[in-house]
Number of protein chains: 2
Amino acid sequence: MVCCGLATTPVTPEDAERLAPMFKALGDPVRLRMTSMIASVPELCVCEITPAFDLSSATISHHLKTLREAGIVDSERRGTYVYYWIQPDAIAALAALLRVE
Amino acid sequence: MVCCGLATTPVTPEDAERLAPMFKALGDPVRLRMTSMIASVPELCVCEITPAFDLSSATISHHLKTLREAGIVDSERRGTYVYYWIQPDAIAALAALLRVE
DNA sequence: TGCCTATCTTGACAGATATCGAAACAGTGC
DNA sequence: GCACTGTTTCGATATCTGTCAAGATAGGCA
């Protein structure tokens with residue numbers, strides 16, 4: 001009973017070290033929602049993310065940094081605001097592991 | 001630019017609370033490899049999992065419990081040995097979020 | 001230019017969780 | 001009883017989550 005990429009492509013220790021941090025980044029309710037928000041538009045200003053959560057802007061920034069360091073999102077400051085966007089390749093790499101085949 | 005289920009199906013706070021623990025369970029290199037091992041066969045004895053890692057059997061058992069509580073795997077003792085198998089529905093739920101559409 | 005405000009990030013810290021192993025425990029079979 | 005497999009408990013250490021305060025960057029205006 002082969003259920004997914006996890007089964008057909010055995011995860012080597014090296015792959016695991018590279019991929020687990022990406023799952024880990026999504027393994028927090030706040031970061032999962034942030035990722036969903038960012039993924040649903042071309043790019044999203046931090047100023048639109050912050051009010052969606054009952055958290056300080058410092059905490060929001062820490063979570064965004066976690067997602068950035070995991071390669072899930074990238075960001076750029078343009079003038080006053082900072083914009084985040086999704087990194088589709090990262091999502092695709094995780095999807096490939098889980099995809100039912 | 002819609003990249004995945006994360007974008008088309010906005011993750012509600014309730015969904016996030018339910019799904020994030022599953023990503024979190026996969027967010028450790030040891031557990032990701034364990035999951036891959038278990039997913040690639042119908043079921044797998046703990047006695048075959050333990051020697052694949054340089055960890056005590058207590059630690060292996062802790063990780064397996066984490067995966068079980070996240071709903072990623074299930075287990076049953078039959079005689080001397082304990083067998084684990086994947087829960088395809090759990091993997092499918094995560095895959096649905098990440099799938100490129 | 002200098003000063004002020006606004007946005008976001010970073011550093012430092014406390015409290016909560018996670019990871020790991022040693023030892024004790026619980027099943028099973030002989 | 002004994003041996004074997006795996007789990008649970010307990011404790012030590014490490015990592016994570018959140019806030020406050022300070023820093024960095026940009027824009028507006030005198």
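In the text below, chain A, chain B and the rest are named by the order of the sequence lines, each starting its count at 1.
Side-chain nitrogen and oxygen atoms of B/His63 include at least one within less than 4.0 Å of the OP1 or OP2 phosphate oxygen of C/dC20.
Remark: B/Glu17 does not engage A/Arg33 in a salt bridge, criterion side-chain N to carboxylate O under 4.0 Å.
Rounded to an integer number of Å, the gap from A/Leu44 CG to C/dC8 C1' is 14 Å. In this structure, A/Leu55 places its CG atom 15 Å from C1' of C/dC8, rounding to the nearest Å. The OH-P distance, from B/Tyr83 to C/dG27, rounds to 19 Å in whole Å.
Mapped onto DNA chain D by nearest heavy atom, A/Lys24 and A/Ile60 fall at different nucleotides, with A/Lys24 at the one closer to the 5' end. If you find the closest nucleotide of DNA chain D to B/Arg77 and to A/Arg78, the one lying nearer the 5' end belongs to B/Arg77.
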Do any N or O atoms of the protein come closer than 3.5 Å to N or O atoms of nucleotides 10-14 of chain C, and which pairs are they?
residue : atom : partner : partner atom : Å
C/dG11  : O6   : A/His62 : NE2          : 3.1

Run the side-chain contact (heavy atoms from CB on, under 4.5 Å) test on A/Thr66 and A/Arg31 for me, step by step, so that the C-alpha distance in whole Å, both residues' side-chain angles and the decisive distance to 0.1 Å come before the verdict. CA-CA 9 Å; A/Thr66 300; A/Arg31 289 195 296 267; 3.8 Å; yes

Would you check, one step at a time, whether the test side-chain contact (heavy atoms from CB on, under 4.5 Å) holds for B/Arg68 with B/Tyr84? CA-CA 9 Å; B/Arg68 224 186 314 122; B/Tyr84 278 74; 3.1 Å; yes

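Considering all non-hydrogen atoms of both residues, B/Pro29 and A/Ala16 come closest at O-CB, 3.6 Å. Across B/Ile38 and B/Val73, no two heavy atoms sit closer than the pair CD1-CG1, 4.1 Å.
Contact annotation for A/Tyr84: backbone-only contact, meaning every heavy-atom pair under 4.0 Å involves sugar-phosphate atoms and none involves a base.
Close approach of DNA chain D to chain B, defined as any atom under 4.0 Å from a non-hydrogen atom of the protein, starts and stops at D/dT5 to D/dT9.
Remark: B/Asp28 pairs with no residue by the salt bridge (charged side-chain N to carboxylate O under 4.0 Å, His left out) rule, at least two apart or across chains.
Between atom CG of residue B/Leu64 and atom OG1 of residue B/Thr35 there is a gap of 8.5 Å, rounded to the nearest 0.5 Å.
Using modelled atom types and a 3.5 Å distance limit, the side chains of B/Tyr83 and B/Arg77 yield no donor-acceptor pair.
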